[in-house]
Protein chains: 2
Amino acid sequence: MAETILVLEDDPAMQSFLSTLLKSHQHKVLSFTAGLPALQCLVTEPAELILLDLGLSDMDGQEWLQQLRGWCDTPVIVISARHSEQDKVQALDNGANDYVTKPFSAAELMARIRANLRKTADVRQVFAFGEVQLDPVSRTVQRSGQAVHLTKTEYDILLLLMQHADKVLTHNQILTRVWGKAYIDRPEYVRVHMAQLRQKLEANPAAPAFLKTESGVGYRLTLAATGV
Amino acid sequence: MAETILVLEDDPAMQSFLSTLLKSHQHKVLSFTAGLPALQCLVTEPAELILLDLGLSDMDGQEWLQQLRGWCDTPVIVISARHSEQDKVQALDNGANDYVTKPFSAAELMARIRANLRKTADVRQVFAFGEVQLDPVSRTVQRSGQAVHLTKTEYDILLLLMQHADKVLTHNQILTRVWGKAYIDRPEYVRVHMAQLRQKLEANPAAPAFLKTESGVGYRLTLAATGV
DNA sequence: TAATCTTTATAAAATCTTTATATTGCACTA
DNA sequence: TAGTGCAATATAAAGATTTTATAAAGATTA
């Protein structure tokens with residue numbers, strides 16, 4: 001499964017079109033027609049990219065974008081029927097990464113999605129920290145050049161942390177992404193597997209330099225080693 | 001002087017138009033009409049962004065892009081008279097970050113340039129006062145460039161104060177937002193944690209320059225340092 | 001069977017709450 | 001205006017609680 005994409009689109013026909021298109025490219029799709037539920041979803045279920053139609057019914061799309069940018073820097077591609085220069089400029093200055101006007105070609109949209117995902121990947125292209133390297137293509141992990149065997153769960157957690165490097169992932173976010181929504185009251189699952197990851201990847205598991213605990217919040221993978 | 005932008009454009013009229021436009025927005029402009037000199041220039045003189053017209057005379061623009069991406073990940077905005085879907089997709093997949101077709105509006109181009117510069121500069125919305133910076137996306141706080149560890153409660157209080165900078169927040173408001181409505185008769189909770197925040201963030205905790213007490217009311221975060 | 005995940009128990013760490021004491025701010029009075 | 005006393009605040013430190021780390025046993029899966 002490729003990257004998760006959240007689609008916030010009012011019109012059912014367009015929503016269905018986008019959903020089909022994205023799924024045919026192996027993306028996981030989170031579909032929303034109203035702004036508030038979409039924001040709430042993003043808190044627990046991080047997406048790699050957001051498609052936003054400015055014409056929402058429950059709130060203004062520009063406002064939605066501003067609110068989102070207060071805490072989330074996931075790439076946003078705005079899709080809009082509004083061709084006016086003012087709308088474009090406002091959306092881009094509100095933090096949108098791209099602006100596509102209807103009608104658009106499916107191939108172009110997908111290319112723009114790839115371009116914007118690449119950028120995220122560029123930033124996180126550093127699928128490495130300290131002596132550890134992760135190759136998402138082969139699903140393998142090396143430490144100081146030596147292959148390290150991770151179980152599926154361990155690998156999934158590590159990949160998730162790396163995709164959101166330097167950010168805090170809450171227990172709920174990790175549980176939702178790795179185990180599923182039904183597991184949000186089992187933080188001990190995360191703890192046990194984090195301990196395993198530290199055993200396998202940290203020089204001193206008792207004083208981790210990269211796989212950090214944020215007490216009361218969750219875990220964070222820091223790319224630059226920090227003493228304490 | 002703002003960011004340096006390299007313009008690779010064949011047509012003298014367009015080259016001159018872009019150059020004037022960019023300079024009027026305080027950018028430093030490196031102008032080229034041929035591909036090879038532009039590549040050579042980028043080796044020694046790094047640019048923050050590249051505007052590329054696909055219709056070059058000495059080589060194909062798509063090829064130029066491929067060559068560039070072999071070693072350089074500076075954002076590229078393609079400007080082209082070619083409206084065909086195939087050209088767009090190819091350019092984006094060759095590593096372009098955006099694609100603008102002629103004719104375009106100057107305001108839109110500038111907005112797209114800002115959007116593409118933003119991610120390089122990683123200019124997220126950060127709250128700041130004095131030497132302290134708070135990044136809500138990564139949930140981190142720095143003081144004079146050094147990471148400062150705040151507990152969950154300390155962070156929650158600081159974020160709340162920053163979201164309402166320069167305004168007074170009463171004990172009740174802070175208690176309600178951070179602990180919950182049941183805690184409105186425990187002002188001592190706030191006091192203890194405010195003292196902690198001052199220890200960690202103020203140069204002289206006993207005479208705070210930013211985290212101010214409003215006796216009998218609550219607390220205020222002032223953005224501009226004040227003596228007393 | 002071997003590998004992995006789940007569950008449990010216990011120890012350790014981090015954080016929060018509570019308390020005590022010192023200090024400050026402020027209204028009121030002489 | 002200076003002084004007095006009360007209320008509000010600052011702060012350290014102890015105690016209590018929550019959260020986390022870790023090992024290891026049991027359950028599950030392939």
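Values reported hereafter were calculated over all heavy atoms of this structure, with side chains retained and with hydrogens, waters and symmetry mates removed. To find a chain, count down the sequence lines: A is the first, B the second, and so on, and within it residues start at 1.
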Expressed as a whole number of angstroms, how long is the span from [X]:[atom1] to [N]:[atom2]?
{"X": "Tyr189(B)", "N": "dA10(D)", "atom1": "OH", "atom2": "P", "answer": "18 Å"}
{"X": "Tyr183(B)", "N": "dT17(D)", "atom1": "OH", "atom2": "P", "answer": "13 Å"}
{"X": "Glu202(A)", "N": "dA21(D)", "atom1": "CD", "atom2": "C1'", "answer": "14 Å"}
{"X": "Leu175(A)", "N": "dC5(C)", "atom1": "CG", "atom2": "P", "answer": "14 Å"}
{"X": "Leu211(B)", "N": "dT9(D)", "atom1": "CG", "atom2": "C1'", "answer": "15 Å"}

Enumerate the residues from residues 146-157 of chain B whose closest heavy atom to DNA chain C is under 4.0 Å, giving them by residue number; use none for an empty result. His149(B), Thr151(B), Thr153(B)

Mind checking if Tyr219(A) touches a base, just sugar-phosphate, or nothing, with heavy atoms under 4.0 Å? sugar-phosphate

Proximal nucleotide (of dT17(C), dT9(D), dT20(D)) relative to the His171(A) side chain: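 Side chain of His171(A) sits closest to dT20(D).
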
What's the closest nucleotide to the Arg186(A) side chain, out of dT6(C), dG25(C), dT7(C)?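 Nearest listed nucleotide: dT7(C).
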
Within less than 4.0 Å of OP1 or OP2 of dT6(C), is there a side-chain N or O belonging to Trp179(A)? yes

Any non-hydrogen side-chain atom of [X] less than 4.5 Å from a side-chain atom of [Y]?
{"X": "Val132(B)", "Y": "Phe210(B)", "value": "no"}
{"X": "Arg139(B)", "Y": "Asp135(B)", "value": "no"}
{"X": "Asn94(B)", "Y": "Leu92(B)", "value": "no"}

Could you state the interatomic distance from CD1 (Ile157(B)) to CZ (Arg177(B)), rounded to the nearest 0.5 Å?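 Taking CD1 in Ile157(B) and CZ in Arg177(B), the distance rounds to 12.5 Å.
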
Ring center gap for Tyr219(B) and His171(B) short of 6.0 angstrom: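 Yes - the distance between ring centres of Tyr219(B) and His171(B) falls below the 6.0 Å cut-off.
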
Encode nucleotides 22-30 of chain D as B, S and - characters from 5' to 3', where the letter depends on protein heavy atoms closer than 4.0 Å: B to the base, S only to sugar-phosphate, - to neither. BB-------

Criterion side chain to side chain contact (heavy atoms under 4.5 Å, CB included) against Leu175(B), the qualifying member of Leu169(B), Val190(B), Asp185(B), Thr170(B):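 For Leu175(B), the side chain to side chain contact (heavy atoms under 4.5 Å, CB included) test succeeds with only one of Leu169(B), Val190(B), Asp185(B), Thr170(B), which is Val190(B).
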
Pick from Leu30(A), Val29(A), Val7(A), Ile5(A): which one makes a side chain to side chain contact (heavy atoms under 4.5 Å, CB included) with Ser19(A)?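 One option only clears the test, and that one is Val29(A).
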
Does this structure show an ion pair linking Arg82(A) with Asp53(A), if we count only N-O contacts that are shorter than 4.0 Å?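 The answer is no: the pair does not qualify as a salt bridge.
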
